[in-house]
There are 2 protein chains.
Amino acid sequence: MKVVVDAMGGDYAPHEIVKGAVIAVQEFGTELILVGNENMIKTELDALGPKSSKNIEIFHTEQVVTMDDLPSQIIRAKRNSSIHEGLRLVKDGSGSAFYSAGNTGAVMAVAKMILKTLPGIDRPAIAAVMPTVKGHTVMCDVGANVDCKVENYIQFAIMASAYASIVMGKERPTVGLMSVGEEDVKGNETTKTVFKQLSELGQRGIINFYGNVEGKDVFRGTSDVIVVDGFAGNVALKVSESAGWFISKMLKDELKSSTLSKIGALFMIPALKRIKKKADHSSYGGAPLLGVNGVCIIGHGSSNSTAVKYSIKMAHELAKQKLNDQIEKAVTVTDSGITS
Amino acid sequence: MKVVVDAMGGDYAPHEIVKGAVIAVQEFGTELILVGNENMIKTELDALGPKSSKNIEIFHTEQVVTMDDLPSQIIRAKRNSSIHEGLRLVKDGSGSAFYSAGNTGAVMAVAKMILKTLPGIDRPAIAAVMPTVKGHTVMCDVGANVDCKVENYIQFAIMASAYASIVMGKERPTVGLMSVGEEDVKGNETTKTVFKQLSELGQRGIINFYGNVEGKDVFRGTSDVIVVDGFAGNVALKVSESAGWFISKMLKDELKSSTLSKIGALFMIPALKRIKKKADHSSYGGAPLLGVNGVCIIGHGSSNSTAVKYSIKMAHELAKQKLNDQIEKAVTVTDSGITS
């Protein structure tokens, strides 16, 4: 069971990617295929010591997708990029999961083209793991689908529920529907219909439907899963990340503002570091693209070796736990009612 | 120029409302009409000292809208509530602005019914002032309209721009459109059309259009105004408030976790208090319901006397600066192109 890693994707590729990959092999015993420019990958591996290439194969590719390439251009002009070749390795069974910290739009488009979607799933969706006071919550979709129909939400609920059961180790994770109030009647025209259909799936025991949740419930951990359209989900994700940045910036500025607070800060460094670690998305690994026929993890462009390491671990785990079998099973039980 | 205050609205009404009202009179010299149960208001005023009722009139009402009342019920069954009577006082010219920290849905519905919308405005919208690293940004809509057409966004842009120019003291505030990426082509089907129309309004000099912004731009203060549909805007607002709560909770827990951090915390208390003040929405006053024919400020249900004081100040300021004249002027210049 090998994880295929796009060595060329991400702001700090290939250095941080290869470094994270080597650490993943050493810490978790994962077997890997690094896809990208062989010379560059070998240089990075050599710099990491004589035993760094243990359990690592290299698949050479010439073409590299940049962060600025448009998905449409990539599909036409870069058919042999590290993203394409990596996903083909998963498609043909050489690898069991794919991970890239590269251009998100490109990975989504190419994954959908090469891996195709699972039976009963119209559109893949991105799930993000958010920290909460209780632990974590899975929010889906966070940007793959900015115009959603009712059936898309239903599929997000089923896919994110299966994903949450694996990453959170809960057999029946609760599923909340993002709305503008917690009462059943709150929502826009689409989410009101979604509410009824999710309630029905809940009554049939297919998901564990909690009901409506609001923006404030994200960090409260009110439900294990939050189903949301990709537009509002993307806004929520980016506002969350940015709120942490804003508060820590204010904190840093204030700590520098007086001798008294500088002294206080010295005492508090360990506590502040623990908070940073708790709120830092690196340790949750990348976000899975749910609904494609194969495991595909998309990392943050700014991923460092720690983020890479945990993403590889997650990719391996999702393949091992057969995430897609669980999604397919739930879709089959739900029957034709959920697809368009 | 009198501000009409709903003495019965809010989780801590009438106590905090009357207290905040008295402070507003004392600090800013505002003249007020308190609407609600006369006995209860008088009891509160008496408790605040012999001169507390200076510049304050009382308008007695029997009916009170609770937080649980549905807007539809209120319109039918509570025609003489403090919200209704207060808004009628603005409608007939006895007062120049209305403020309530009561049931938001009820205030919106009754304000639209009694005050009506401004010419050229289809639907009123709520604007919220958010703290940023640069100062503040005005986000509109944050919950009044969960299903928006293109023309609604355009009207939000014009109204929020006029509001921002008053509260931020900027003649030509920049207007960003909330999207899932900063590139011009990013967005959902509706926001892509909105983008084109806002660009055109920008070229005509009616607004100062910045372009697309993302969730992370809220706290960066990238644009002075952020235009967004009421669903995503409401999610963004509540996620923001909740992120602050989450981080301060983690901080408190960590500060209690060791003697070292307890000592550090003592030194840092002044700095932490300044941050709390900066991020606290109380000092920005309530949120205006833009687009109704009269000034109407809606406060947070949990408003304390400080929030009430600043909301009254803002209500007075918006009436004095003739916010609605500015909106009407911009709508007229934009001509019939913006209304449905």
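Basis for what follows: all heavy atoms, side chains included, without hydrogens, waters or symmetry-related copies. Chain A is the first sequence line, chain B the second, and so forth, proteins listed ahead of strands; every chain is numbered from 1.
- Interface remark: A:Leu237 contributes no atoms to any contact with chain B (heavy atom separation under 4.5 Å).
- One finds the CE atom of A:Met250 at 8.5 Å from the CZ atom of B:Phe219 (value rounded to the nearest 0.5 Å).
- In this structure, the side chains of B:Val239 and A:Lys216 stay at 4.5 Å or more apart for every pair of heavy atoms.
- Heavy-atom distances place no part of A:Asp253 under 4.5 Å from chain B, backbone and side chain included.
- Among A:Val133, A:Leu70, A:Val218, the residue with the largest count of heavy-atom pairs under 4.5 Å with chain B is A:Val133.
- Between the side chain of B:Lys238 and the backbone N or O of A:Val180 there is at least one donor-acceptor pair closer than 3.5 Å.
- When all heavy atoms of B:Phe246 and A:Thr132 are compared, the pair lying nearest together is CE1-C, 3.5 Å.
- For residues 138-146 of chain A, the interface with chain B (any heavy-atom pair closer than 4.5 Å) comprises A:Val146, sorted by residue number.
- Taking non-hydrogen atoms and a 4.5 Å limit, the residue list of residues 100-109 of chain A in contact with chain B is empty.
- Remark: side-chain polar atoms of A:Asp147 are paired, donor with acceptor, to backbone N or O of B:Glu189 under 3.5 angstrom.
- Contact record, B:Ala236 with A:Val235: CB-CG1, 3.8 Å, taken as the closest heavy-atom pair.
- Taken to the nearest 0.5 Å, the CG atom of B:Asn234 stands 8.0 Å off from the OG atom of A:Ser179.
- For the atom pair CG of B:Asn188 and SG of A:Cys148, the computed distance is 9.5 Å after rounding to the nearest 0.5 Å.
- Counting heavy-atom pairs closer than 4.5 Å to chain A, the top residue among B:Arg220, B:Glu183, B:Lys249 is B:Arg220.
- In this structure, OG in B:Ser248 is found 11.5 Å from CG in A:Leu251, a value given to the nearest 0.5 Å.
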